[in-house]
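Scope of the values below: all heavy atoms of this structure, side chains included, with no hydrogens, waters or symmetry mates. Numbering starts at 1 and runs along the sequence shown.
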Amino acid sequence: MAVYLNYRNTIACLFLLLSVSIFAQKTETIDSINYYEQKINKEVNASKKAFLHYNYSNYLDAQDSIKASSEEAFKALEIFENIRNKKMVAECNLLLHYKNSAGKNNKIAKKFLDRYYQYALKINDPKRLAIAHKSYGVVYWSPKTYKTSKIHFQKAREFAAKAQDSILWAKNTNNLALLLSGFENKQDSARYYYNKVLDFYQNSNAAKERLITTYINLANSYEKEDNIAEALAYLRRADKLEVTQNNVFYKKVIYGKLSNYYKATKDYEKALAYKNKYTAMQDSLNQVNQSIAINELQTKYETEKKEKENALLKNDIVEKKQTQNILIIVVIASIILGTGISILIAKNAKRKQLLAKQKEKIRIQKIEKELKEQELSSIDVLIEGQEKERQRLAENLHDNLGGALAALKLNLQNLEQHQSDPNIVNKSINNSLNLINDAYQSVRTMAHEKSSGVVASQGLLPAIQNFTNNISSEKLKIEIDHFGLKNRLENSLEIKIFRIIQELITNIIKHANATEANISLTNHNSTLNIIVEDNGKGFKQNFSKSKGVGIATIEKRIENLGGSLEIDSHPERGSSIIINLPI
C-alpha cells in the first residue's frame, strides 16, 4: 500500500507540471494564431498565400481545432486550383480526407481520397499510391467490407516496397496483421506479419511507441487463442520500454492487460498490484484531459469574443447597404417573376410533346437492345464453353505431364553428372523409370477423363512423399513437415491440393536453381496452411504476378477453393509461398 501511495504522489507531481506547461502554451497558441492571420491578410502573392493557409490548417489541426483547420484547408485548395498547382491540390485533398475521416464522415472523406488517388495514378508515384491504398484500407475497415480493406493494405505494402519507404511498408503490414487477427481470426497468419514488423522495428531507429504497439498486438493475438503464457511474455517486453509521448496511455493499457492475465493464471497478488497501477494511470489521464478541456474552452471563448466584435462592426455597414438595395430588388424581382411565369407556361406545353416522342423512341430502342443482348449472350455462352474446354486440356497437360517431365530431366542431368557412381546411377535410373511410368499413367488417366491417380488410392501425404522421393537427388533435396493431418480430406480436395504442390515443386526445379526445398502442411482450426520454401535465386515481388501458366493456374485454383495466396521472395534469398485453404 505504501508503494501505491508513493506512485500516486509521483503522478500528482507530474500532473502539476503538465498543468503549468499547458498554461504557458496558451499564450503561445494565441500568438501563433495572430501571426498566421496577420501574414495571410498582408500576403499578396497567391502561391505564398495558399501555402500560408495550408500550414495554418496543419497548425490548427495540431491544436484539435478540426472545423477551423478544415476551413483553412478549403481556402488553400481553392487558391491552388486557381493557380493550377496540381501537386498541392492533391495534398489538400488528402488533408481534407484525413479531417473528414476524423469526423467519421466517410462518404465525403472518400471523395477527397479519390481525387488524391487519381493524381497518384496519373504521375505513377509509388509512395502516393501506397498512401492512397492505406487510406482506402481504413475507409473500408468494417465487418462487412474488410475483404476490400485487405486488398488495399496488400497493394499499399507492394507500393511502399517499390517506393523503398520502410516505415510505410511496416505500417501497412501491421494493418494487414490486425485485419487477419480481428476479422478473419487467422492468428498464425497475423503473427507471421506481426513478426515481420517486429524484426524491422528492432533493427531500425523506429520510435519505441511502434515496438510497444507491436508487442501488445502479439499479446492480443495469443490471448485470442487462450495462450496466456505467450501473451504475458510479449506484454512484459512492452512494459520494459519507456516512451516520451503517450507513456501514461501505454502504461494504462499494459497494466490493465497484465492484471487480467495474472488473474487468469491465478496469481492474484500480481493481478492486484497491476490493477492498482492501472487505476493510478486512469486517474492521471482523467485529470490531464480535464485540464486540457478547460484551457481549450478558455481559448475558444476568447476567439469567439473577438469574432463577435468584428461581426458587429461589419453588420452596421451591411444593414445600410441592404436598406438601399431592398427596394431595387423588389422591383426587379416583380418584373422577372411575371416574365418567367409566361415563359414557363409556353415551355411546359412544348415539353409535354417532346416527352411523348422521347418515350416512344426509348421504348423502341429498349426492344432492339434486348434482342441484341440475347444474340450476344448466346454467342458468349458458346465461346465460353469452348474456352473452358481448351483451358481444362491445357491445365491437365501442364499439371500431369509438366511436373513429371521436369523431374525426369533433373534425374537425367544427375545421371549424366555422376556416371562413375553406381549408387547414384541406379537411383537415378529407378527414379526415371518411376517418372516415366507416372507420365504414362497420367496420359492414360486423361484419356479416360480421370484425375485421381495415386492421391485417390493412397491419400494426400503418401502421394506427396512418393512424388518428392522420385525427384529428390543430390542436386535437390526436398523435406516434408506435416501436423494435424491424421484423417484424409475429401477426395477431390486432396487431388487439387496435390496438383498445386506438384506445380510449385515443378517451378522450383525449372526456375529456382535451388539445392533444398521444404513442404509444410498444418491443419489448424479447419484451415490448411501450406508453406513451400526453397533456397534458390528468388525473384522480384512484381514478377510474382506474371501471367505464366503455372502461377496463373495456382492462383485460380486457390481462389476457387476460397483460399488466399501470399508470395514472399527476394532476389538471391529464396522464396516462400504461403497458402491458406478452408477445409
Side-chain angles (χ1 to χ4, degrees), residues 188-189 191-192 195-196 399 402-415 417-418 421 423-424 426-432 434-435 438 453-455 458-489 493-524 527-539 544 550-551 554 558 563 565-581 583:
D188 288 340
S189 299
R191 289 195 291 270
Y192 168 80
N195 286 320
K196 280 183 173 290
D399 292 343
L405 292 176
L408 180 60
K409 179 181 177 182
L410 183 66
N411 274 288
L412 292 175
Q413 289 175 347
N414 193 42
L415 177 61
Q417 294 174 1
H418 300 86
D421 190 333
N423 292 329
I424 295 177
N426 290 333
K427 183 178 179 181
S428 296
I429 291 172
N430 289 332
N431 288 345
S432 299
N434 290 332
L435 289 167
D438 286 345
V454 71
V455 181
Q458 298 179 13
L460 179 60
L461 283 175
I464 296 173
Q465 290 168 346
N466 183 58
F467 172 65
T468 55
N469 288 338
N470 286 336
I471 64 174
S472 292
S473 64
E474 295 295 326
K475 191 173 182 180
L476 175 62
K477 294 181 179 180
I478 304 175
E479 294 184 357
I480 302 174
D481 299 322
H482 61 90
F483 177 78
L485 290 173
K486 296 180 181 179
N487 301 320
R488 289 192 58 176
L489 306 177
L493 180 60
E494 285 188 337
I495 293 169
K496 292 174 183 177
I497 294 171
F498 176 76
R499 295 304 181 205
I500 290 170
I501 294 174
Q502 186 183 50
E503 177 58 25
L504 290 173
I505 296 299
T506 300
N507 285 343
I508 292 173
I509 295 171
K510 287 181 178 179
H511 307 297
N513 292 338
T515 60
E516 294 179 359
N518 182 267
I519 304 171
S520 173
L521 298 97
T522 304
N523 180 9
H524 180 67
T527 298
L528 181 62
N529 176 258
I530 304 170
I531 302 176
V532 180
E533 300 176 300
D534 66 78
N535 64 345
K537 62 183 181 181
F539 49 84
S544 66
I551 195 66
I554 292 171
I558 293 171
L565 171 69
E566 175 72 17
I567 301 175
D568 185 11
S569 180
H570 299 280
E572 308 305 328
R573 289 171 56 185
S575 61
S576 297
I577 311 296
I578 304 169
I579 301 169
N580 287 301
L581 294 174
I583 59 175

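Ser432 approaches Leu412 most closely through the heavy-atom pair OG-CD2, 4.2 Å. Looking at every heavy atom in both residues, Glu494 comes nearest to Gly459 through OE1-CA, 3.9 Å. Nearest heavy-atom pair, Asn423 versus Asp421, reported as atom, atom and distance to 0.1 Å: N-OD1, 3.1 Å. Between Ile508 and Asp534, the shortest heavy-atom contact is CG1-OD2, 3.8 Å. Nearest heavy-atom pair, Ala406 versus Thr506, reported as atom, atom and distance to 0.1 Å: CB-CG2, 3.9 Å.
Between Asp188 and Asn529, every side-chain heavy-atom pair lies at or beyond the 4.5 Å cut-off. Using a 4.5 Å heavy-atom threshold, the side chains of Glu516 and Leu476 count as separate. Taking 4.5 Å as the limit, every side-chain heavy atom of Thr522 sits out of range of all side-chain heavy atoms of Leu528. The shortest side-chain heavy-atom distance between Lys496 and Arg499 does not fall under the 4.5 Å cut-off. Within the 4.5 Å cutoff, side-chain heavy atoms of Leu504 are placed close to those of Ile579.
The backbone N or O of Asn426 sits less than 3.5 Å from a side-chain atom of Asn430, completing a donor-acceptor pair. Asn414 contributes no side-chain N or O that, together with a main-chain N or O of Leu410, makes up a donor-acceptor pair within less than 3.5 Å. Side-chain atoms of Ser569 come within 3.5 Å of backbone N or O of Gly574 as a donor-acceptor pair. Checking side-chain atoms of Asn431 against main-chain N and O of Ile471 turns up no donor-acceptor pair under 3.5 Å. With hydrogens and angles ignored, the 3.5 Å screen pairs no side-chain donor or acceptor of Glu566 with any backbone N or O of Ile578.
No more than 12 heavy atoms of other residues, nucleotides or ligands shown are found within 6.0 angstrom of NZ on Lys409. The environment of Glu474 atom CD is sparse: at most 12 non-hydrogen atoms of other residues, nucleotides or ligands sit within 6.0 angstrom. Enclosure of atom CD in Gln413 by more than 12 non-hydrogen atoms of other residues, nucleotides or ligands within 6.0 angstrom is indicated.
Side-chain polar atoms of Thr515 and Asn535 form a donor-acceptor pair below 3.5 angstrom. Judged by distance alone, the side chains of Asn518 and Asp481 do bring a donor and an acceptor atom under 3.5 Å apart.
Atom OG1 in Thr468 sits 8.0 Å away from atom CD1 in Ile505 (nearest 0.5 Å). Rounding to the nearest 0.5 Å places CZ of Phe498 at 7.5 Å from CG of Asn466. The CG atom of Leu460 sits 5.5 Å away from atom CD1 of Ile501, with the distance rounded to the nearest 0.5 Å. To the nearest 0.5 Å, the span separating CZ on Arg191 from CG on Asn195 amounts to 8.5 Å. Once rounded to the nearest 0.5 Å, the distance linking NE2 of His570 with OG of Ser576 reads 9.0 Å. Residue Ser428 holds its OG atom at 5.0 Å from CG of Asn411, rounded to the nearest 0.5 Å.
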(request) Verify side-chain hydrogen bond (donor to acceptor under 3.5 Å, both in side chains) between Tyr192 and Asp568, making sure each step is shown before the conclusion. (result) CA-CA 12 Å; Tyr192 168 80; Asp568 185 11; 3.2 Å; yes
(request) Could you please spell out the steps behind the side-chain contact (heavy atoms from CB on, under 4.5 Å) verdict for Asn487 and Leu485? (result) CA-CA 6 Å; Asn487 301 320; Leu485 290 173; over 6 Å; no
